Amino acid sequence: MKRYFVHTFGCQMNVNDTLRMGEVLAGLDYRATPTADDADLIILNTCAIREKAEEKMQSALGRYRQAKLQRGALIGVGGCVAQQEKAKILERAPYVDFVFGPDAIAKLPEILVRARAERVVETAWVDSEEYVFPRADPETSRGRVSEFVTVMKGCDNVCAFCVVPHTRGREVSRPFAEVLLEAKALAQVGVREITLIGQNVNSYRGGISFAQLLLRTAQVPGIERVRFTTSHPHDLSDELIDAFRVEPKIAPHFHLPVQSGSDPVLKRMRRDYTVAEYLERLEKLRAARPDIAITTDIIVGFPGETEEDFERTMKLAEQVRYDGQFSFVYSPRPKTSAILKEAEWGVVSDEVKLARLERLQAVQKQISKERNQALVGHTVEVLVEGPSKTDPARRTGRSPQNRVVNFEGDAPAGSLVEVHVTQCTVGSLYGAQRAVRSNPTVPIAEAVEQVESCVA
Ligand code: 5AD
Ligand code: SF4
């Protein structure tokens, strides 16, 4: 039996793609190995969202060169950088045997055969309803409490900063019956939480609305929580907000990237909403589900962002009091419309970008701390995932709002328990197990996952 190692960068779409690669490779008699040291096949599943992600992958690729020279391991580059920069990769890294895009995972068997004789490039998109979504093998999910289910691929938005439409192509939705079948199969092997994933789930068109899809996933026997990611504010429907009102199994957490708190910047970003419209959606969400956690993504230093624009972003962060925020300095990406307009709009210097990021993150840190502190003395429901990674004597899991909760207790993975919160940090809660609300339907083996991610 041969061994493979996939080094994964990027978002949940990539993490999920890595799982699908593993399934294809298992069919070819490959098994996973936890490090690249003894792998016969090394794949980098890459992310192109920011320059830093690309640099990280370049340096990882350099490290794997030795494996090629010493053991003749096959080296492949997949994911978003592969899709966009195939020529550059082949030119700069002569030891790379094959390059394949996100739509070519099912073709890995023939790619591997061809790659033994020649360098292979397989980056054609399948941008139509003919696209067959790789069906997850539920057996690979046995032992997992929480799983992703892909509901769509690609993105039809035109955000000026974003590389994704260039790396993952047009939107294609997965038929709803397929999504529900996969959710049922996962529940049968013990999965209790499902996250529906896609670049822009709000524009799902797989036969029913996205709100209906969420509601129907929540009805699958054995499923206790349903989550989703990621959403664009401009098509967040009232129907989706109503789903939060009526179905408690839809977890009270909404990741709603705002990107900027200034209308002129949003306009240049081609986000298609104003700050006031965004706030109106949030208000409705909070009215429908008062305990809902709101998280966001923010970019600072977008071309032309003035001090005043940035102050508006600061004001928004303070006004919304996000439960969590992922903020980034703007990184120019190839082929995006912003990179073409940078000179006209005005480049923000690295120094200013970093200073703004620091200020924004400091404010968020304080807010997150206060929000967590408000939970001390209260009880939260936790879906148990297993032993804590930092202290195996403790258990860990997540609250409905997606907060990490470490606790003293003995409930097995897959249980829903009440935890009395006694302490907190900025990033997690700590407490003691109280009542067990429900037990896992299928025993869950507790394994630690091995995935490296560069996007939080
Ligand atoms: N520069 C910086 N951040 C970016 N993001 C997307 N493109 C860029 C870019 N060019 C951020 C956005 C998005 C998140 C996944 O990454 O905030 O929501
Ligand atoms: Fe995911 Fe975007 Fe990175 Fe591709 S570029 S892996 S879609 S975050």
Side-chain angles (χ1 to χ4, degrees), residues 6-18 20-21 44-57 77-85 100-103 105 123 125 148 150 152-155 157-171 197-202 229-234 255-261 265-266 268-271 278 295-303 305 313 317 322 324-342 347-348 350 353-354 356-357 360-361 364 451-456:
V6 184
H7 190 153
T8 311
F9 299 85
C11 64
Q12 279 101 337
M13 305 294 284
N14 261 20
V15 173
N16 200 50
D17 284 351
T18 293
R20 302 292 80 77
M21 287 179 203
L44 281 91
N45 193 5
T46 62
C47 171
I49 198 95
R50 280 171 291 272
E51 209 172 349
K52 211 158 124 201
E54 221 177 300
E55 283 164 6
K56 264 188 154 188
M57 96 90 191
V77 180
C80 290
V81 183
Q83 185 69 41
Q84 214 188 10
E85 304 285 2
F100 66 115
D103 283 5
I105 295 171
T123 50
W125 273 328
F148 300 127
T150 308
M152 60 185 299
K153 72 167 194 111
C155 182
N157 287 321
V158 287
C159 305
F161 49 80
C162 191
V163 80
V164 174
H166 308 281
T167 64
R168 290 193 173 255
R170 310 282 302 178
E171 281 174 10
I197 58 167
Q199 289 299 338
N200 181 22
V201 292
N202 290 350
T229 195
T230 194
S231 305
H232 192 301
H234 85 85
H255 183 65
L256 197 58
V258 68
Q259 310 298 1
S260 168
V265 175
L266 287 175
R268 283 200 302 277
M269 287 178 162
R270 303 175 72 180
R271 288 291 286 177
Y278 176 88
T295 56
T296 201
D297 292 342
I298 294 177
I299 297 176
V300 300
F302 186 74
E305 184 188 71
T313 300
Y322 288 106
Q325 181 206 102
F326 302 103
S327 40
F328 315 96
V329 294
Y330 167 70
S331 168
R333 305 312 292 136
K335 291 201 185 141
T336 55
S337 58
I339 203 170
L340 303 172
K341 292 279 199 165
E342 265 183 3
V347 172
V348 180
D350 286 349
K353 277 197 251 189
L354 279 173
R356 288 181 186 167
L357 186 71
L360 186 61
Q361 291 186 339
Q364 182 58 46
V451 179
E452 181 169 326
S453 193
C454 65
V455 172

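Predicted, not measured: the structure shown is a model, and the values here were computed from it. Note that ligands are numbered from 1 as they come in the structure, with each ligand's atoms numbered from 1 the same way.
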Look only at interatomic distance and state if Phe161 has a nitrogen or oxygen under 3.5 Å from any nitrogen or oxygen of ligand 1.
yes
Distance filter under 4.0 Å to Val164 heavy atoms, resulting ligand 2 atoms
2 (Fe), 7 (S)
What do we get for Asn14 next to ligand 2 when only non-hydrogen atoms under 4.0 Å count, side chain, backbone, both or neither?
side chain
Using a 4.0 Å cutoff against the non-hydrogen atoms of Tyr330, which atoms of ligand 1 qualify?
1 (N), 2 (C)
Please report the shortest heavy-atom distance between Ala317 and Leu360, naming the atom on each side.
CB-CD1, 4.0 Å
Taking atom 9 (C) of ligand 1 as the point of reference, which of Gly301, Ala338, Ser331 owns the nearest heavy atom?
Ser331
Report, in ascending order of atom number, the atoms of ligand 1 lying under 4.0 Å from any heavy atom of Arg333.
10 (N)
Contact atoms of ligand 1, heavy-atom distance to Gln259 under 4.0 Å:
12 (C), 13 (C), 17 (O), 18 (O)
Short version for Ile49: what comes under 4.0 Å of ligand 1, heavy atoms counted, is both
Side chains of Gln199 and Glu171: closer than 4.5 Å at any heavy-atom pair?
no
For atom 15 (C) of ligand 1, which of the options Asp297, Val258, Thr230 provides the nearest non-hydrogen atom?
Asp297
Side chain, backbone, both or neither: the part of Phe328 lying under 4.0 Å from ligand 1 by heavy atom
side chain
Does the side chain of His234 come under 3.5 Å of the side chain of Asn202 through a donor N or O and an acceptor N or O?
no
With a cut-off of 4.0 Å, which atoms of ligand 2 are near a heavy atom of Ala48?
3 (Fe), 5 (S)
What atoms of ligand 1 come within less than 4.0 Å of a heavy atom belonging to Val329?
1 (N), 2 (C)
Name the orientation class of the two ring planes belonging to Phe302 and Phe161 (parallel below 30°, tilted from 30 to 60°, perpendicular beyond 60°).
perpendicular
Run the contact test for Met13 against ligand 2 with a 4.0 Å cut-off on heavy atoms, strictly below, and give the result.
no
Can you confirm whether Trp125 sits close enough to Gln83 that some side-chain heavy atom of one is under 4.5 Å from a side-chain heavy atom of the other?
yes
Which pair of non-hydrogen atoms, one from Phe148 and one from Val15, has the smallest distance, and what is that distance?
CE1-CG1, 4.1 Å
Does NZ or CZ of Arg50 lie under 6.0 Å from the centre of the six-membered ring of Phe328, at an angle within 45° of the ring axis?
yes
So is Val163 touching ligand 1 or not, going by heavy atoms under 4.0 Å?
no
The residue among Gln84, His166, Glu54 that forms side-chain hydrogen bond (donor to acceptor under 3.5 Å, both in side chains) with Arg333 is Glu54
Note: Val201 and Ser231 closest approach over all heavy atoms is CG2-OG, 4.0 Å
Tightest non-hydrogen contact, residues Val258 and Leu266, listed as O-CD2, 3.4 Å
Distance under 4.0 Å to a non-hydrogen atom of Gln199: what atoms of ligand 2 satisfy this?
7 (S)
Proximal atoms of ligand 2 relative to Arg168 (non-hydrogen, under 4.0 Å)
4 (Fe), 7 (S)
Specify side chain, backbone, both or neither for Cys80, according to which of its non-hydrogen atoms lie closer than 4.0 Å to ligand 2.
side chain
With a cut-off of 2.8 Å, does any N, O or S atom of Cys47 fall short of it relative to atom 1 (Fe) of ligand 2?
no
Shortest non-hydrogen contact between Ala48 and Cys80, atoms and distance
N-CB, 3.9 Å
